[in-house]
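Okay, so here's the structure we're looking at.
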Amino acid sequence: MAGLIVLKPGVDWTATGGLFDWTLEFLVARLSDRQVADQLREVVDNNLGSVWVHELPPAAQAEIVSHWRRDLVAAGNHELPESKDKPGVVRHLQELVDATYSAGYPD
């Protein structure tokens with residue numbers, strides 16, 4: 001099953017279910033807004049398969065984007081298992097980071 005992250009209408013990112021879950025779990029441990037972290041954990045735990053970032057509180061959106069931009073690709077390089085597919089998976093994480101700029105989130 002695939003997962004969908006919508007940054008704003010018209011700007012989204014899809015991934016395999018496993019990478020989608022990993023990307024959300026990456027945030028759950030880092031977010032200061034525990035209510036949003038719990039929402040993301042619920043998405044993972046219940047295989048809900050989508051997150052609409054633009055519908056979250058503005059402060060949470062900013063924190064999510066900041067974590068992704070600052071640490072997501074490095075965490076993927078460090079934490080994801082070694083395989084022949086890993087370089088492509090890490091590039092796919094970079095596409096999510098790039099999409100945060102396309103969505104117009106400030107630096």
Side-chain angles (χ1 to χ4, degrees):
M1 181 168 117
L4 172 69
I5 294 175
V6 179
L7 295 163
K8 74 172 193 176
V11 181
D12 55 56
W13 180 81
T14 58
T16 64
L19 186 59
F20 172 80
D21 289 350
W22 182 89
T23 302
L24 295 186
E25 289 170 354
F26 165 86
L27 291 172
V28 167
R30 291 168 171 81
L31 288 177
S32 62
D33 185 327
R34 297 317 305 161
Q35 185 175 5
V36 171
D38 290 344
Q39 286 178 281
L40 297 180
R41 167 61 52 209
E42 184 176 334
V43 170
V44 172
D45 289 349
N46 294 294
N47 296 312
L48 299 178
S50 66
V51 171
W52 301 74
V53 175
H54 69 280
E55 293 181 355
L56 296 171
Q61 292 178 46
E63 188 177 6
I64 286 167
V65 168
S66 176
H67 285 302
W68 281 341
R69 287 178 178 173
R70 188 179 58 240
D71 298 321
L72 183 68
V73 172
N77 269 319
H78 178 64
E79 296 174 17
L80 293 171
E82 292 300 324
S83 75
K84 65 178 179 55
D85 297 322
K86 185 174 179 177
V89 171
V90 171
R91 276 193 305 276
H92 197 56
L93 292 172
Q94 182 63 53
E95 290 172 9
L96 174 57
V97 173
D98 295 345
T100 67
Y101 293 100
S102 299
Y105 285 99
D107 289 336

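By the neighbour-count criterion of 12 heavy atoms within 6.0 Å, atom CZ of Arg70 is densely surrounded, having more than that number from other residues, nucleotides or ligands. The local environment of CD in Gln35 is sparse, with at most 12 non-hydrogen atoms from other residues, nucleotides or ligands closer than 6.0 Å.
Side-chain N or O atoms of Lys86 include none that pairs as donor or acceptor with a backbone N or O of Pro81 at under 3.5 Å. Using a distance-only test at 3.5 Å, with no hydrogens or angles considered, a donor-acceptor pair links the side chain of Arg34 to the main chain of Val28. In this structure, the side chain of Ser66 does not engage the main chain of Ala62 through any donor-acceptor pair within 3.5 Å.
The side-chain heavy atoms of His67 and Leu31, taken from C-beta on, include a pair separated by under 4.5 Å. Taking the side chain as every heavy atom from C-beta outward, Val44 and Phe20 never approach each other to under 4.5 Å. Between Leu40 and Phe26, every side-chain heavy-atom pair lies at or beyond the 4.5 Å cut-off. Side-chain contact check for Trp13 versus Leu19: some heavy-atom pair is nearer than 4.5 Å. With a 4.5 Å cut-off on side-chain heavy atoms, Ser50 and Val6 do not count as touching.
Residues Lys8 and Ala103 share a closest heavy-atom pair of CD-O, 3.4 Å. In terms of heavy atoms, Val97 sits closest to Trp68 at CG2-O, 3.4 Å. In plain terms, the two heavy atoms of Ala60 and Val36 that are nearest each other are CB-CG2, 3.8 Å. Shortest non-hydrogen contact noted between Val43 and Gly49 is CG1-N, 4.1 Å. Across all non-hydrogen atoms, the minimal contact from Tyr105 to Gln61 is OH-OE1, 3.1 Å.
With values rounded to the nearest 0.5 angstrom, Asp33 atom CG is found 8.0 Å from Gln39 atom CD. The CG atom of Asp98 lies 9.5 Å from the CZ atom of Arg69; values are rounded to the nearest 0.5 Å. Note: Leu24 CG to Glu42 CD = 12.0 Å, rounded to the nearest 0.5 Å. For the atom pair CG of Leu4 and CG of Leu48, the computed distance is 12.5 Å after rounding to the nearest 0.5 Å. Once rounded to the nearest 0.5 Å, the distance linking CD1 of Ile5 with NE2 of His54 reads 13.0 Å. With values rounded to the nearest 0.5 angstrom, Ile64 atom CD1 is found 11.5 Å from Thr100 atom OG1.
Note on Tyr101 and Leu7: same hydrophobic cluster, where clusters join Ile, Leu, Val, Met, Phe, Trp and Tyr whose side-chain heavy atoms are under 4.5 Å apart, directly or indirectly.
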